[in-house]
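A quick write-up on the structure given underneath.
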Amino acid sequence: MPSRRSILEKAKAADLRPQGVDGKRLQKVLDRAKKFFKRPSRHADESVKRHASLMAQSVERRDWQAAREHALALGLLGEQLGDRGLVKKAGRGLRRLRGGNRAWQLIASSKQVPGRPEWDGSDLAGRRLAVERREGDLAIFLQLASLLGPVAAATDRCTVFVEPRLAPLYRRTYPALDVRLEREGEVAAVDADVFASFETLARYFWPDEPTARAPFIPLEPDHRLVAQLRGAYLDHGPGPLIGFAWGSLNKSKDLPILDDWRALLGGLPGHFVSMQYGDVGPALAEFERWAPGRIIHDASVDQLSDMDRFAAQIAALDAVVTISNTGANLAGALGVPTVVMLDNGFRLSWPAFGETVATYPSVRLVRKGGRAWASAMREAGGRVAQIIGGAGDGS
């Protein structure tokens, strides 16, 4: 019999990203689950094991509806047991399984800070709000940046704590907000009436009903720098300008090999701008053989130290084609037309199924599925061709 820890780890590995849901249907599932779980607490542990195991099995079968219902049940159990870890895992699973607002409810509640007044969705007029990241990587600031639009409209007394590299982008996009750098102890000391994680904002500004959702607001790059970089790249020859990235330090990812890029680079017009970090020399030499004179590497851009310049580089492009990485998330947050290629694993930033991403309207997903990468790359190239079809010479 597998241990509870191993089963929950499987459930965690099944984390998948949602794109929205029919709220009434989900509420029926929740109501059924509430009736089912009104039983003595001695049954709770077995119920957790059973639903975690069944969720993992459903994910392996790609039975997304069944996986979603087991994630809903796990979230309810986590709330009943007061198990914040289980609540968070269930919420993260629902994010990737069309879990709608229920996903944000669970994640937000799992991240509440004891003794700190959490914003409950009530009127913010005349009150001071502090927004912070509570766990998670850089992608949180990119996936959920649009939530600050309705915050800015609701109050001019809001402090937002961000990863230092993103501060210029946030300040330019939301000048009415007090954007500060993340530092230990800073949030607790800020003068605020209520506090919120980014997921708390999603809970109240992203309901299940799509027509009621806050509109997407792209991050604002430095337009002077965008024009400067675009002009420099077009000096190499006519556009369109297509950004691309191919490598990752994450050893768990199944990535296309360099040779898989041959047909894509050879089949598209214009120039290709490297968005890849690290030692890119050997790869660029190989790409240059397949698209001679059309590969651009801008050594002045270092996303690890200057995210604002990296954002300007991406905004200067007509399209992006990339594996899953920070650049893919930043391109989506900037509203740049982007094709993201996904392997068969379940990635935190992306939905389990479908080709669209609710938080990034300009992004389209191409999944490897059960085929060779060469086939997926041909599909990705076709999608980029559709994007740049009206781009002309990119001038």
Side-chain angles (χ1 to χ4, degrees), residues 18 20-31 34 72 75-76 78-80 82-84 86-88 90-92 94-95 98-136 140-162 170-171 173-180 182 185-217 219 358-359:
V21 73
D22 184 331
K24 292 182 178 179
R25 182 170 58 79
L26 278 182
Q27 189 58 53
K28 290 180 181 178
V29 173
L30 282 173
D31 291 342
K34 288 177 181 178
L72 286 165
L76 184 62
E79 290 175 329
Q80 292 176 339
D83 186 335
R84 289 165 66 99
L86 181 57
V87 168
K88 181 170 69 174
R92 292 177 68 188
L94 284 173
R95 276 190 66 189
R98 297 182 182 271
N101 191 257
R102 178 60 172 163
W104 301 118
Q105 291 175 25
L106 292 170
I107 299 173
S109 66
S110 75
K111 291 187 174 186
Q112 287 189 25
V113 179
R116 192 179 292 172
E118 188 80 356
W119 180 51
D120 60 2
S122 55
D123 190 358
L124 287 170
R127 290 197 291 171
R128 297 159 295 183
L129 172 69
V131 180
E132 62 176 319
R133 165 174 59 171
R134 298 171 186 165
E135 302 177 350
I140 284 178
F141 294 110
L142 302 173
Q143 295 163 356
L144 307 182
S146 275
L147 293 166
L148 294 174
V151 169
T155 177
D156 57 1
R157 309 181 71 183
C158 178
T159 302
V160 183
F161 291 87
V162 304
Y170 265 58
R171 287 171 178 150
T173 308
Y174 299 110
L177 302 182
D178 178 13
V179 178
R180 303 188 189 181
E182 289 182 321
E186 286 280 323
V187 177
V190 72
D191 187 16
D193 300 305
V194 286
F195 297 79
S197 66
F198 279 86
E199 292 87 355
T200 305
L201 301 184
R203 175 177 184 174
Y204 296 111
F205 288 123
W206 280 350
D208 281 326
E209 175 51 55
T211 58
R213 285 173 63 101
F216 172 74
I217 300 175
L219 289 176
T359 52

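For the single chain, residues carry numbers from 1 onward in sequence order.
Each of Val187, Val190, Val162 was compared with Glu132 under the side-chain contact (heavy atoms from CB on, under 4.5 Å) criterion, and only Val187 meets it.
Put simply, the side chain of Arg171 gets close to the backbone of Val179: a donor and an acceptor are under 3.5 Å apart. Using modelled atom types, no side-chain atom of Asn101 and backbone atom of Asp208 make a donor-acceptor pair closer than 3.5 Å. The backbone N or O of Cys158 sits nowhere less than 3.5 Å from a side-chain atom of Asp178 that would complete a donor-acceptor pair. In this structure, the side chain of Arg127 does not engage the main chain of Thr155 through any donor-acceptor pair within 3.5 Å. Judged purely by atom type and a 3.5 angstrom limit, Lys111 uses its side chain to pair as donor or acceptor with the backbone of Arg134. Checked by atom type and distance alone, the side chain of Ser146 pairs as donor or acceptor with a backbone atom of Ile217 at under 3.5 Å.
Here CG of Leu148 is found 9.5 Å from CZ of Phe205. Values are rounded to the nearest 0.5 Å. From Glu186, atom CD reaches atom OG1 of Thr159 across 10.5 Å, with rounding to the nearest 0.5 Å. Atom-to-atom distance recorded for Phe161:CZ and Arg180:CZ is 5.0 Å, nearest 0.5 angstrom. Here the straight-line distance linking atom CH2 of Trp104 with atom CZ of Phe198 works out to 11.5 Å at 0.5 Å rounding. Atom CZ of Arg84 and atom OG of Ser109 lie 7.5 Å apart (nearest 0.5 Å).
With sequence neighbours excluded, no residue satisfies ring-ring contact (aromatic ring centres under 6.0 Å, His included) with Phe195. Residues meeting the ring-ring contact (aromatic ring centres under 6.0 Å, His included) test with Tyr174, sequence neighbours left out: none.
In this structure, the side chains of Asp120 and Val194 stay at 4.5 Å or more apart for every pair of heavy atoms. Contact check for Glu79 versus Leu106: side-chain heavy atoms found under the 4.5 Å cut-off. Side-chain contact check for Ile107 versus Arg92: some heavy-atom pair is nearer than 4.5 Å. In this structure, Ile140 and Glu199 have side chains that are in contact, with non-hydrogen atoms separated by less than 4.5 Å. Taking 4.5 Å as the limit, every side-chain heavy atom of Trp119 sits out of range of all side-chain heavy atoms of Val131. Between Leu144 and Leu201 there is no side-chain heavy-atom pair separated by less than 4.5 Å.
Residues Glu118 and Arg116 are not paired through a salt bridge, judged by the lack of any N-O separation under 4.0 Å between the basic side chain and the carboxylate.
Taking each heavy atom of Leu94 and Ala103 in turn, the nearest pair found is CB-CB, 3.6 Å. For the residue pair Arg133 and Gly136, the shortest heavy atom distance occurs at NH1-O, 3.1 Å. Between Ala202 and Leu147, the shortest heavy-atom distance links the atoms N-CD1, 3.7 Å. Across Ala192 and Ala130, no two heavy atoms sit closer than the pair CB-CB, 3.9 Å. Taking each heavy atom of Val87 and Ser110 in turn, the nearest pair found is CG1-CB, 4.0 Å. Taking both residues in full, the closest heavy atoms of Leu124 and Ala154 are given as CD1-CB, 4.1 Å, listed atom of the first, atom of the second, then distance.
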>> Using side-chain contact (heavy atoms from CB on, under 4.5 Å), reason through Trp206 and Thr359 one step at a time and then give a plain yes or no.
In response: CA-CA 10 Å; Trp206 280 350; Thr359 52; 3.5 Å; yes

> How far apart are the C-alpha atoms of Leu219 and Tyr170, what are their side-chain angles, what is the distance that settles it, and do they pass the side-chain contact (heavy atoms from CB on, under 4.5 Å) test?
Replying inline: CA-CA 7 Å; Leu219 289 176; Tyr170 265 58; 4.2 Å; yes

